[in-house]
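Here's the structure, in structure tokens; my notes come after.
Order of the sequence lines sets the chain letters (A, B, ...), proteins ahead of strands, with each chain counted from 1. All values derive from a computational prediction rather than experimental measurement.
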Amino acid sequence: MPSHNNSRRPYLPAFRRDWWLQLRFYQLYMLREATVLPLLFFISCLIYGLYSLSQGESQWLKWLDFMARPWVVALNVLTLAASLFHAKTFFELFPRVMPLAPPSLMIAVQWLATVVVAGGFVVLLGAWV
Amino acid sequence: MTSRNIGIMRYNPEQDKKPHTESYQVEADDNTSVLDALQQVQQQDPSLSFRWSCRMAICGSCGVMVNSVPKLGCQTFLRDYPDSLVISPLSNFAVEKDLIVDMEPFLEHLSAIKPWLINSEQSTVPHVQTPQQLARYQQFANCINCGLCYSACPQFGLNPEFRGPAALALAHRYNLDSRDLGKAERMPQLNAKDGVWTCTFVGFCSEVCPKKVDPAAAINQGKVESAKDMILSVFKSSGVR
Ligand code: SF4
Ligand code: FES
């Protein structure tokens, strides 16, 4: 654009690094993103468990002992809560990305699938133990 | 009518180093909109600059931040802000004067995605469209180019090259239109570095949109299209000869 007006002096404020603290909506978004952190801990536990399994009985018992420590249990309960929160946000966003059926129906079906899969795991695990 | 206090961000490029908030007294009742209040203040101080035209949420020119949330001034009422109310220019854009921002970057993003029907077919017969075909894109066609979604988008704030919510929603709108044949021309814009993949579904754009366009949904549907497009291009280039 030709600028024939020297009094033009647009002011662009710097973008704030703490933008996500400014509104509740942004805070909830960051919380959704942060749910990956406890999940990383849980995955580390699983990998440690697989490694222990390959190392024989004494290491396996050590792992079981580790998993029963109060702070490990507490962190894994936090992971479960975080993952459920993430699932809730994901299930609500998904119908907007793939509008295949009415959103409330899609949300219900996704929760149903979660319960069925989780229930299946519990039954399998019970049968194995 | 009761008298109340409001804050307005002022910036005079000929005098001020940076914007500052000033407070004003206005007369308000339940029907007083933010735009009405601005017009009252302009009676007191004719140097106050802001944009408006239709006063009925159609033209999209009266966008401002009301307590840090992007709003149309003509559609936002003082009664909903009983405690305090500060009006500032739209975020993520450069301020020219008071509440007037430079919308040029937004308009460039809009035109980059070719928001018009691309169809070289020269025909005098009308392009017939069924209600179902219309329904596929209608929601995304309601955009009034107010730019509120750009002020709500932290990704645009971080990276002004990001095409942004309204432009990508409009690209999706034309791609979904049965009369349009321009998808192949628009996909490179969606696939590009500053296209749909910059979006992380913060979703505040859809929250502030006064026309319920849901640009966040459009962009993420665009990601599905973009993924399909990339997979197809791999197949095309890898040997179906
Ligand atoms: S998508 Fe909504 S918020 Fe964004 S420019 Fe269009 S009408 Fe305004
Ligand atoms: S004045 Fe036209 S949208 Fe507000």
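Contact count versus chain B (heavy atoms, under 4.5 Å) is highest, among A:Arg32, A:Arg16, A:Gln22, for A:Arg32. Counting heavy-atom pairs closer than 4.5 Å to chain A, the top-ranked of the candidates B:Val95, B:Asp16, B:Asp214 is B:Val95. Comparing B:Ser68, B:Gly222, B:Pro19, B:Ala218 by heavy-atom pairs within less than 4.5 Å of chain A, the highest count is held by B:Pro19.
Only the side chain of B:Val224 comes within less than 4.5 Å of a heavy atom in chain A; its backbone stays farther off. If you measure heavy-atom distances from B:Thr200 to chain A, the contacts under 4.5 Å come from both the backbone and the side chain. Using a 4.5 Å cut-off between heavy atoms, B:Lys97 does not touch chain A at all. Interface remark: B:Tyr11 contributes side-chain atoms only to the contact with chain A (heavy atom separation under 4.5 Å).
Across B:Asn92 and A:Leu12, no two heavy atoms sit closer than the pair C-CD1, 4.3 Å. Closest approach of B:Ala152 to A:Tyr26, counting heavy atoms only: O-OH, 2.7 Å.
In this structure the side chain of B:Ser91 never reaches within 4.5 angstrom of the side chain of A:Phe15, judged on heavy atoms. Side-chain contact check for A:Arg96 versus B:Ser206: some heavy-atom pair is nearer than 4.5 Å. In this structure, B:Phe201 and A:Glu33 have side chains that are not in contact, with every pair of non-hydrogen atoms separated by 4.5 Å or more.
Rounding to the nearest 0.5 Å gives a distance of 13.0 Å between NZ of B:Lys18 and CZ of A:Arg9.
Shown here is B:Arg51, whose CZ atom has more than 12 heavy atoms of other residues, nucleotides or ligands within 6.0 Å.
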For side-chain contact (heavy atoms from CB on, under 4.5 Å), just list the numbers for B:Val69 and A:Phe25, CA-CA rounded to whole Å, side-chain angles, deciding distance to a tenth of an Å, and then say yes or no. CA-CA 11 Å; B:Val69 176; A:Phe25 195 96; over 6 Å; no

